[in-house]
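Comments concern the structure below.
Lettering follows sequence order; numbering is per chain, from 1.
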Number of protein chains: 2
Amino acid sequence: MADQSGPTLTRIQQKNRDLILEGALSAFSTNGFRGATVDQIAEAAGLSKPNVLYYFPTKDEIHKTLLTTLLDMWLAPMMRIDPKGEPLAEVMAYVRAKLEMSRRFPRESRLFAYEILQGAPHLTEILGGSLRGIVDTAAAILQNWMDQGRLARVDPHHLIFSIWALTQHYADFDVQVRAVLGPGHDPFVEAEPFIDNLYRKMLSV
Amino acid sequence: MADQSGPTLTRIQQKNRDLILEGALSAFSTNGFRGATVDQIAEAAGLSKPNVLYYFPTKDEIHKTLLTTLLDMWLAPMMRIDPKGEPLAEVMAYVRAKLEMSRRFPRESRLFAYEILQGAPHLTEILGGSLRGIVDTAAAILQNWMDQGRLARVDPHHLIFSIWALTQHYADFDVQVRAVLGPGHDPFVEAEPFIDNLYRKMLSV
DNA sequence: TCCTTTATTGACCAATTGGTCAGGAACAGG
DNA sequence: CCTGTTCCTGACCAATTGGTCAATAAAGGA
């Protein structure tokens with residue numbers, strides 16, 4: 001999906017671009033696009049500001065590169081839904097994978113959350129384009145299973161939305177969840193059986 | 001919860017403060033705290049920038065006032081859960097109220113979303129304080145119903161989180177939802193039966 | 001080693017932006 | 001009317017910040 005090709009990079013370029021993207025991920029996911037400064041990114045990357053701008057022409061470009069680079073990884077689990085698999089097991093595997101991504105990659109989750117909240121200025125064409133296609137494909141598989149009576153009948157698109165909402169909530173609203181639960185809780189550990197049970201009850205025929 | 005008292009305001013003060021808060025709600029919910037400028041707020045309010053700063057000493061103060069003012073309204077539905085009511089009906093009423101709030105007040109939803117994403121710099125004490133208390137109260141009611149066998153047994157706190165996640169998703173990620181569904185869909189109209197069915201299936205004994 | 005290419009940076013610039021201030025306009029109440 | 005208070009604004013300031021640039025340092029290949 002994202003263009004992974006391009007001119008070959010020197011070792012130094014590869015390393016520094018990676019450092020910058022890593023630092024930018026931290027900065028953007030903490031403060032949003034406007035809130036993050038190039039200086040912050042530079043410091044997080046261990047480089048000077050002009051050096052950052054040497055590898056990426058603009059702050060905007062860093063942001064766009066991050067988004068498009070990470071989008072594939074973010075959507076990968078949905079594309080692994082196997083039409084030949086056992087319906088409920090496939091859905092549960094997707095749900096579990098998505099929750100695991102929230103747990104392991106909360107910065108990425110927040111990065112996308114900011115972008116969508118903002119109105120997705122850098123992702124509009126992708127949202128209505130390839131993302132929509134991927135979702136439609138998954139929805140068609142689900143719909144098929146429902147038509148065969150192997151899964152309870154619900155709106156497949158909203159089923160997918162619900163999985164996104166439930167799992168990403170634990171990454172995006174982490175501070176709220178932890179504040180409400182108080183110390184001594186691991187939100188993700190507790191969330192898994194809850195969400196598991198939820199989809200089992202809703203989707204079992 | 002929020003301090004609604006204070007010195008009496010002249011008619012003109014009342015009107016202009018309202019204009020400013022209304023403009024600020026639009027600005028902050030669209031661009032986040034850092035992204036919104038005092039000029040934007042002033043223009044949205046139909047006032048000059050110095051005049052805005054005449055009514056509120058700082059941009060920060062406007063933001064804090066907005067959050068605390070709106071928090072009560074935002075949490076109100078949860079406090080209307082009636083321990084003497086019919087369990088499933090009470091939960092469903094709460095879910096429906098929350099979805100309706102997402103539909104009617106998406107700006108407020110986004111305002112809170114930005115704040116929590118940011119790490120809730122203005123709400124930390126509230127999150128772990130009164131909010132936690134309110135949630136615990138509601139959770140206790142739910143737990144009680146479950147102990148009486150009038151509601152399926154699930155983690156009550158995560159049940160509440162799931163309601164927040166599912167309903168606010170349609171306000172906060174509106175552009176994504178609409179982009180994926182394509183034109184000719186009303187997300188909220190479709191979401192209601194889906195979510196309704198979800199909680200009915202999960203919570204019926 | 002030499003020389004071309006690539007990396008790096010301190011100093012700087014222009015635009016944005018939160019906030020100030022002195023003074024004027026509108027508006028009470030007497 | 002007059003007068004004190006409230007309301008409003010143009011002009012301005014200092015800090016922040018995205019981005020530039022000339023000059024220097026480091027690689028790297030022949």
Side-chain angles (χ1 to χ4, degrees), chain A residues 6-68 111 114-115 118-119 121-122, chain B residues 6-68 111 114-115 118-119 121-122:
Chain A
T8 44
L9 303 174
T10 68
R11 249 175 317 133
I12 255 179
Q13 283 170 340
Q14 189 57 255
K15 188 193 65 174
N16 282 350
R17 284 179 61 99
D18 286 352
L19 283 174
I20 292 167
L21 290 176
E22 164 66 25
L25 175 57
S26 283
F28 287 140
S29 67
T30 303
N31 301 108
F33 180 76
R34 291 282 311 255
T37 69
V38 178
D39 268 312
Q40 278 173 29
I41 296 172
E43 193 186 336
L47 301 173
S48 68
K49 181 167 80 161
N51 207 11
V52 168
L53 274 318
Y54 170 74
Y55 288 101
F56 291 89
T58 61
K59 175 180 163 185
D60 216 79
E61 200 59 41
I62 304 178
H63 192 237
K64 207 186 298 187
T65 302
L66 252 192
L67 284 175
T68 52
L111 180 77
Y114 272 117
E115 176 67 6
Q118 209 91 324
H122 285 153
Chain B
T8 43
L9 303 174
T10 67
R11 247 176 318 135
I12 228 170
Q13 282 170 342
Q14 189 56 256
K15 188 193 67 175
N16 282 349
R17 284 179 62 99
D18 285 353
L19 283 174
I20 291 167
L21 291 175
E22 163 66 25
L25 175 57
S26 282
F28 287 139
S29 68
T30 304
N31 300 108
F33 179 75
R34 292 279 313 253
T37 69
V38 179
D39 268 313
Q40 277 174 28
I41 297 172
E43 192 185 338
L47 302 173
S48 70
K49 181 168 78 161
N51 206 13
V52 168
L53 274 319
Y54 170 75
Y55 288 101
F56 291 89
T58 62
K59 175 181 162 184
D60 216 79
E61 199 61 40
I62 304 177
H63 192 237
K64 208 186 298 188
T65 303
L66 252 191
L67 285 174
T68 53
L111 180 77
Y114 272 118
E115 176 66 8
Q118 209 90 325
H122 285 153

For [X] and [Y], work out which heavy atoms get closest and say how close.
| X | Y | answer |
| --- | --- | --- |
| I20(B) | I41(B) | O-CG2, 3.9 Å |
| S26(B) | S29(B) | O-OG, 3.2 Å |
| Q118(A) | T30(B) | OE1-O, 4.0 Å |

Selected nucleotide, minimal atom distance to [X] side chain, candidates [options]:
| X | options | result |
| --- | --- | --- |
| I12(B) | dC7(D), dA7(C), dT17(D) | dC7(D) |
| K59(B) | dG19(C), dG18(D), dA7(C) | dG19(C) |
| N16(A) | dG18(D), dT8(C), dG19(C) | dT8(C) |
| K49(B) | dG18(C), dC21(D), dA7(C) | dG18(C) |
| Y54(B) | dT6(D), dA11(C), dT17(D) | dT6(D) |
| P50(A) | dA7(C), dG10(C), dG19(C) | dG10(C) |

When the distance from [atom1] of [X] to [atom2] of [N] is rounded to whole Å, what number comes out?
| X | N | atom1 | atom2 | result |
| --- | --- | --- | --- | --- |
| D60(B) | dG18(C) | CG | P | 11 Å |
| E61(B) | dG19(C) | CD | C1' | 14 Å |
| I41(A) | dG19(D) | CD1 | C1' | 13 Å |
| F56(A) | dG18(D) | CZ | C1' | 16 Å |
| N31(A) | dT16(D) | CG | P | 15 Å |
| Q14(A) | dT6(C) | CD | P | 16 Å |
| Q40(A) | dT16(D) | CD | C1' | 12 Å |
| E43(A) | dT17(D) | CD | P | 13 Å |

Closer than 4.0 Å, any side-chain N/O of N51(B) to the OP1 or OP2 of dT9(D)? yes
So does Q13(B) get a side-chain nitrogen or oxygen closer than 4.0 Å to the phosphate oxygens (OP1/OP2) of dT6(D)?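 False: Q13(B) side-chain N/O out of range (4.0 Å or more) of dT6(D) OP1/OP2.
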How would you label the contact of A36(A) with the nucleic acid (heavy atoms, under 4.0 Å): base, sugar-phosphate, or nothing?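 Here A36(A) touches the backbone only, sparing every base.
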At under 4.0 Å between heavy atoms, what does Y55(B) touch on the DNA or RNA strands: base, sugar-phosphate, or nothing?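 Answer is sugar-phosphate: Y55(B) comes under 4.0 Å of backbone atoms only.
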Looking at F33(A), does the NZ or CZ of K59(A) lie under 6.0 angstrom from its six-membered ring centre and within 45 degrees of the ring axis? yes
By nearest heavy atom, map G35(B) and R11(B) onto DNA chain C; which one lands nearer the 5' end?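 So the residue in question is G35(B).
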Could you say whether R34(A) or V52(A) is positioned toward the 5' end of DNA chain C, judged by the nucleotide with the nearest heavy atom to each?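 Nearer the 5' end of the strand: V52(A).
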Whether H63(A) and F28(A) hold their rings parallel, tilted or perpendicular, with breakpoints at 30° and 60°: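 Because their plane-to-plane angle is over 60°, the rings of H63(A) and F28(A) count as perpendicular.
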